[in-house]
Amino acid sequence: MNPRTLYDKLWEDHLVRTEKDGTSLIYIDRHLVHEVTSPQAFEGLRLAGRKPWRPDSAVATPDHNVPTQGRASGIADPVARIQVAALDANCEEFGIQEFGMDDARQGIVHVIGPEQGFILPGMTVVCGDSHTSTHGAMGALAFGIGTSEVEHVLATQCLIQKKSRTMRISVDGALAPGVTAKDIVLAIIGEIGTAGGTGYVIEFAGDAIRALSMEGRMTVCNMTIEAGARAGLIGVDDTTLDYLNGRSQVPSGKQWEAARDNWRNLCSDEGAEFDKEVRIDAASIAPQVTWGTSPEMVVSVTDRVPDPAQVSDSLKAEGMRRALEYMGLEANTPVSDIPVDHVFIGSCTNGRIEDLRAAAAVVRGKKVADNIVQALVVPGSGPVKEQAEREGLDKDFVAAGFEWREPGCSMCLAMNADQLKPGERCASTSNRNFEGRQGKGGRTHLVGPAMAAAAAIAGHFTDIRELQGS
Amino acid sequence: MDKFEKFTGRVAPLDRANVDTDAIIPKQFLKSIKRTGFGPNLFDEWRYLDQGEPDRDNDNRPLNTSFVLNDSRYQGAQILLTRDNFGCGSSREHAPWALADYGFRVIIAPSFADIFFNNCFKNGILPIVLKEHDVDSLFAKSGDESALELTVDLSSQELKSAHGAVLSFDVDPFRKQCLLEGLDDIGLTLQHQDSIRAFEEQRRVKAPWVFGC
C-alpha cells in the first residue's frame with residue numbers, strides 16, 4: 001500500500017460511500033453540542049418528525065451564554081436564559097447527555113470533550129463551532145459545522161463532504177524559553193495568512209510540535225481555523241496516550257490495550273505525500289502580539305506596529321489602515337509601548353490548566369498595574385477550575401488583582417456580560433481580534449497566557465522573556 | 001428549501017477583504033432560537049451608528065450613511081460583491097440566515113471561507129468564485145451612478161450584464177443540483193440508511209470504544 005497521510009487514514013476509515021464526482025458520505029463518531037448553534041437543528045428534527053440516529057454519540061453543555069459570576073441567581077439576560085433552557089429541554093427530549101450549567105463538569109465544549117475522554121484518536125468529531133479543530137490534537141478528524149449540518153449529523157450520523165487537500169506544517173527545532181504554543185500558531189497564521197489553509201487539512205509536525213504537551217497541541221489545532229483550514233491534526237504519540245490513559249470515558253483494561261495498539265498507527269506514514277509543505281524554524285519564533293483586526297495581523301513583541309505606507313498591495317494597505325484606525329494605533333509604534341486596560345485569560349484556546357499555571361507564575365506575588373480596569377481569569381471548565389484551586393492558583397490571581405470566575409466562553413466572544421466598552425483595549429488569550437468581537441468598539445490583542453499576565457502587571461505589552469530572565 | 005431560479009438583481013459592492021461572520025451578524029443576535037428575522041441586523045455594527053440589541057426596534061436607529069447598504073443606489077440588492085476570504089471566522093449559520101433574510105441570493109468574491117461557503121448552499125444562497133480581475137471589473141462597474149444589475153443563471157453557470165457581457169463560473173455539480181431542485185440534504189442521505197447501518201456495524205467491531213459512551 002502507498003504511504004498514507006494521517007488525514008488519508010482518518011478519511012478512509014469513515015467513508016460510508018462515494019459518488020463518482022468525489023462527493024462522499026462520511027460517518028461521524030462524536031458530536032459536541034452547545035446552546036447557540038443547536039436550537040434550530042433540534043427544531044428541524046421535530047418539524048420533520050426525526051429522531052437522533054445515535055444519541056449516545058453526542059454530549060452537550062452550555063458555554064457561550066453562561067454568566068461567569070453569580071450563577072446561583074441564574075441567567076439575568078432573558079434571551080440567553082431561554083436559549084440555555086432550550087438546550088436543557090432539547091437534550092432531555094432527545095436523550096442526549098448534557099453537563100448543565102450547575103454540573104461540576106460544565107465548561108467550554110472544546111475543553112470538556114478531551115478532559116472527559118469523549119474525544120479519542122481516530123474519531124471523526126463535529127460541533128456547531130469553528131474551534132472544533134481543537135480536537136485534531138488527539139489524532140482525530142475534527143471540524144466545525146453550521147446548524148444545518150448539526151441537524152444532518154443528528155438525523156443521519158453522517159456528513160456530505162469532499163476530501164480536502166493536505167498541508168504539512170513542520171515546526172523544526174526547539175522553541176526558545178518563554179515561547180509557547182500560542183506563539184507558534186500565531187506565527188504560522190502570520191506566515192500563511194488567514195486564508196492560507198482554505199481547502200486544506202493541516203497536519204502539524206516537527207520537533208517543536210512533538211515537544212508540546214496535549215494542552216499546547218490543542219492550542220495549536222484550535223487556531224487552525226484562523227488559518228482557514230478545515231481541520232488541524234497531530235499524529236498520536238506517547239504524549240497523546242499518556243494524556244488519555246485513565247480519563248473517565250477512555251476505555252480501560254483489555255480494551256485500552258487494543259485501542260492503544262490501534263491508535264499508534266494514527267500518524268502519517270514515512271514518505272506520505274502532502275499537497276503542500278511549509279517549514280518553520282522554531283528558534284525564529286518570538287512571543288507574538290496581534291496589532292490589527294485579523295489574526296494574521298501579528299508581529300513579535302519586539303517589533304513595531306507595521307506601516308501601510310510600506311505595503312505595495314493597495315487593497316492590503318487599505319485593510320491595514322482601516323485596522324489601525326479601529327485599533328486606535330499609529331504605525332511604527334513599538335508593540336511594548338501599547339498600554340492595555342483589560343486582560344482576559346481563558347477561552348477554548350488558552351483556558352486549560354497549563355495556561356492558568358503559566359499565567360499564575362507570572363503574577364504570583366505581584367500586582368496588576370494601576371491602569372488596568374479589569375483583569376479576568378475564566379477557567380475553561382469546572383475540573384480546570386477545581387484543579388487550579390487545589391494548586392492555589394486562584395489565590396495568586398486574586399492577590400494580584402485579577403477576578404476569578406466560573407467557566408465559560410466569556411469575553412472571548414462576549415455573548416454574556418463580560419464585554420469591552422468602545423475604545424477599551426484588551427490583552428486576550430482568545431482566538432479572534434475581529435472588530436467588535438469582545439464588545440462593540442473593543443480593541444483586542446491576541447497573546448499567550450504568560451504574555452497576557454505580563455501585560456496585566458506592566459500595564460502594557462512586555463517581552464515575557466525579559467521578565468522571566470530578570 | 002426553495003428552488004434556485006434564474007433572476008436579475010442589483011449588485012451591492014462591499015469593498016473589503018476578510019469580512020468575518022462576527023461582522024456579518026454580531027454575537028448578541030445569536031441568542032435567538034429561530035432561523036429567521038436576522039436581516040435587519042445584517043452587518044449591524046457597520047450599518048448603524050448605535051449598539052444593536054435583539055429586542056430593539058431597528059427602524060428608528062441612526063444609520064451609518066457611509067456604509068454601502070445604506071446607499072440609495074443599492075436598495076433591494078440581491079447580489080453581494082465582495083473580496084477575498086468572505087465569511088471567515090465563526091461557523092455561525094446565522095450569517096447566511098441574515099444575508100438571505102436581508103434578500104441576498106448570490107455572493108460574488110475571489111474566495112470564501114470554507115464553513116461559510118458550505119453553509120450558504122444549505123440556505124439557498126449561491127456563492128460564486130470569480131477571478132480577481134473579474135471581481136475588480138465588477139467593482140468598477142458597480143460604482144457607477146446607477147447600480148449594476150446582473151442576471152444569474154445557475155443552470156448555464158453564467159452571469160450576464162444588461163450590455164450582454166457574460167462571465168461563466170464553476171459550481172460543484174452535486175451542490176448545483178441541490179440548489180436547482182431545492183433538495184433536502186437529510187432526505188437524500190437517509191436514502192442510504194442501509195449503507196450507514198452496515199458501515200456502523202463494521203465500525204463497531206473495529207473500534208468498539210466509539211460506541212456506548
Side-chain angles (χ1 to χ4, degrees), chain A residues 16-17 19 21 23 25 27 29 36-37 39-40 43 48 50 56 64-65 77 79-80 82-83 86 118 120 122-123 128-130 144-149 151-152 155-158 160 162 194-195 198-199 228 230 249 251 255 259 262 294 315-316 319 322 413-415 432 434-437 440, chain B residues 15-18 20 22-23 26-28 30-35 45-46 51-52 54-55 83-85 88-94 96-97 111-116 118-119 122-123 172-174 184-190 192-193 195-196 198-200 203 206-213:
Chain A
V16 175
R17 51 177 287 126
E19 305 296 333
D21 71 349
T23 302
L25 203 57
Y27 187 81
D29 295 318
V36 176
T37 56
Q40 298 87 349
E43 184 63 12
R50 290 172 176 140
D56 69 5
H64 285 57
N65 264 317
D77 175 353
V79 194
I82 289 168
Q83 199 170 51
F118 278 112
L120 301 174
M123 283 182 164
D129 191 287
S130 58
I145 55 178
T147 299
S148 294
E149 291 194 323
E151 185 181 341
H152 193 281
T156 70
Q157 210 60 41
C158 289
I160 302 170
K162 277 192 171 172
T194 49
T198 305
R230 174 165 290 174
Q249 300 296 323
Q255 203 178 62
N262 177 300
S294 163
L315 199 65
K316 190 175 177 195
R322 194 183 292 127
L413 86 166
M415 272 191 81
R432 289 187 176 134
F434 298 153
E435 285 183 28
R437 173 78 178 180
K440 182 167 172 140
Chain B
D15 199 358
R16 294 188 185 209
N18 298 315
D20 58 76
D22 274 79
K27 82 273 294 177
Q28 63 269 38
L30 272 50
K31 295 173 190 171
S32 167
I33 56 172
K34 298 181 187 150
R35 278 176 185 261
E45 292 191 5
W46 293 343
Q51 163 98 32
D55 52 357
R83 297 288 186 182
D84 267 318
N85 202 26
C88 59
S90 157
S91 63
R92 58 187 70 170
E93 199 161 315
H94 311 69
W97 293 339
S111 64
F112 291 89
D114 186 54
I115 303 176
F116 174 82
N118 196 28
N119 284 342
K122 313 285 181 192
N123 292 283
D172 176 88
F174 173 71
D184 162 24
D185 269 4
I186 296 178
L188 285 178
T189 298
L190 286 175
H192 303 300
Q193 48 184 304
S195 309
I196 302 171
F199 177 89
E200 201 164 46
R203 181 131 185 88
K206 273 188 173 165
W209 47 84
V210 168
F211 298 85
C213 84

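Because the structure is predicted, anything quoted here is derived from the model rather than measured. Quick note on labels: first sequence line is chain A, next is B, and so on, each numbered from 1.
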Test item: [X] side-chain N/O and [Y] main-chain N/O as donor-acceptor pair under 3.5 Å:
{"X": "B/E93", "Y": "A/S148", "value": "yes"}
{"X": "A/Q40", "Y": "B/S32", "value": "yes"}
{"X": "B/K31", "Y": "A/M415", "value": "yes"}

Item checked: Most contacts with chain A, counted as non-hydrogen pairs under 4.5 angstrom, among B/N119, B/D55, B/D114 ->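 Greatest number of close heavy-atom pairs with chain A: B/D114.
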Checklist line | Top of B/R92, B/Q28, B/H94 for chain A proximity - count of heavy-atom pairs under 4.5 angstrom | finding: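 Greatest number of close heavy-atom pairs with chain A: B/H94.
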Checklist line | Residue list, ring-ring contact (aromatic ring centres under 6.0 Å, His included) with B/F199, at least two apart or on another chain | finding: A/Y27
Checklist line | salt bridge (Lys or Arg N to Asp or Glu O under 4.0 Å) involving B/K122 - partner list, sequence neighbours excluded | finding: A/E149, B/D185
Contact part of [X] toward chain B, heavy-atom cut-off under 4.5 Å: side chain, backbone, both or neither?
{"X": "A/T23", "value": "side chain"}
{"X": "A/A48", "value": "neither"}
{"X": "A/R437", "value": "both"}
{"X": "A/K162", "value": "side chain"}
{"X": "A/D29", "value": "both"}

[X] side chain near [Y] side chain, heavy-atom distance below 4.5 Å:
{"X": "A/R322", "Y": "B/R16", "result": "yes"}
{"X": "B/C88", "Y": "A/T194", "result": "no"}
{"X": "B/P26", "Y": "A/K440", "result": "no"}

Next item on the list: Could you give me the CA-CA distance, side-chain angles and deciding distance for A/T156 and B/L190, then say whether side chain to side chain contact (heavy atoms under 4.5 Å, CB included) is met?
Entry: CA-CA 7 Å; A/T156 70; B/L190 286 175; 3.8 Å; yes
Among [options], residue most engaged with chain B (heavy-atom pairs, under 4.5 Å):
{"options": "A/Q83, A/Q157, A/E435", "value": "A/Q83"}
{"options": "A/G199, A/G436, A/G228", "value": "A/G436"}
{"options": "A/G146, A/A80, A/P39", "value": "A/G146"}

Counting only heavy atoms closer than 4.5 Å, note whether [X] contacts chain A via side chain, backbone, both or neither.
{"X": "B/S90", "value": "both"}
{"X": "B/P208", "value": "both"}
{"X": "B/L30", "value": "both"}
{"X": "B/F116", "value": "neither"}

Checklist line | Test log, rule salt bridge (charged side-chain N to carboxylate O under 4.0 Å, His left out), inputs B/D20 and A/R432 | finding: CA-CA 10 Å; B/D20 58 76; A/R432 289 187 176 134; over 6 Å; no
Check: What closest approach, in Å, do B/S91 and A/S130 show between heavy atoms, and which atom pair accounts for it?
Finding: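 Result for this residue pair: OG-N, 3.3 Å.
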Note to self: Checking B/S195 against A/L25 for the side chain to side chain contact (heavy atoms under 4.5 Å, CB included) test, could you report, in this order, the C-alpha distance in whole Å, the side-chain angles of both residues, the deciding distance, and whether it holds?
What the structure shows: CA-CA 10 Å; B/S195 309; A/L25 203 57; over 6 Å; no
Rounded to the nearest 0.5 Å, what's the gap from [atom1] on [X] to [atom2] on [Y]? Could you check?
{"X": "A/M123", "Y": "B/R203", "atom1": "CE", "atom2": "CZ", "value": "7.5 Å"}
{"X": "B/N85", "Y": "A/T198", "atom1": "CG", "atom2": "OG1", "value": "5.0 Å"}
{"X": "A/E151", "Y": "B/I186", "atom1": "CD", "atom2": "CD1", "value": "4.0 Å"}
{"X": "A/R17", "Y": "B/H192", "atom1": "CZ", "atom2": "NE2", "value": "4.0 Å"}
{"X": "A/L315", "Y": "B/D15", "atom1": "CG", "atom2": "CG", "value": "6.0 Å"}
{"X": "A/H152", "Y": "B/D184", "atom1": "NE2", "atom2": "CG", "value": "8.0 Å"}

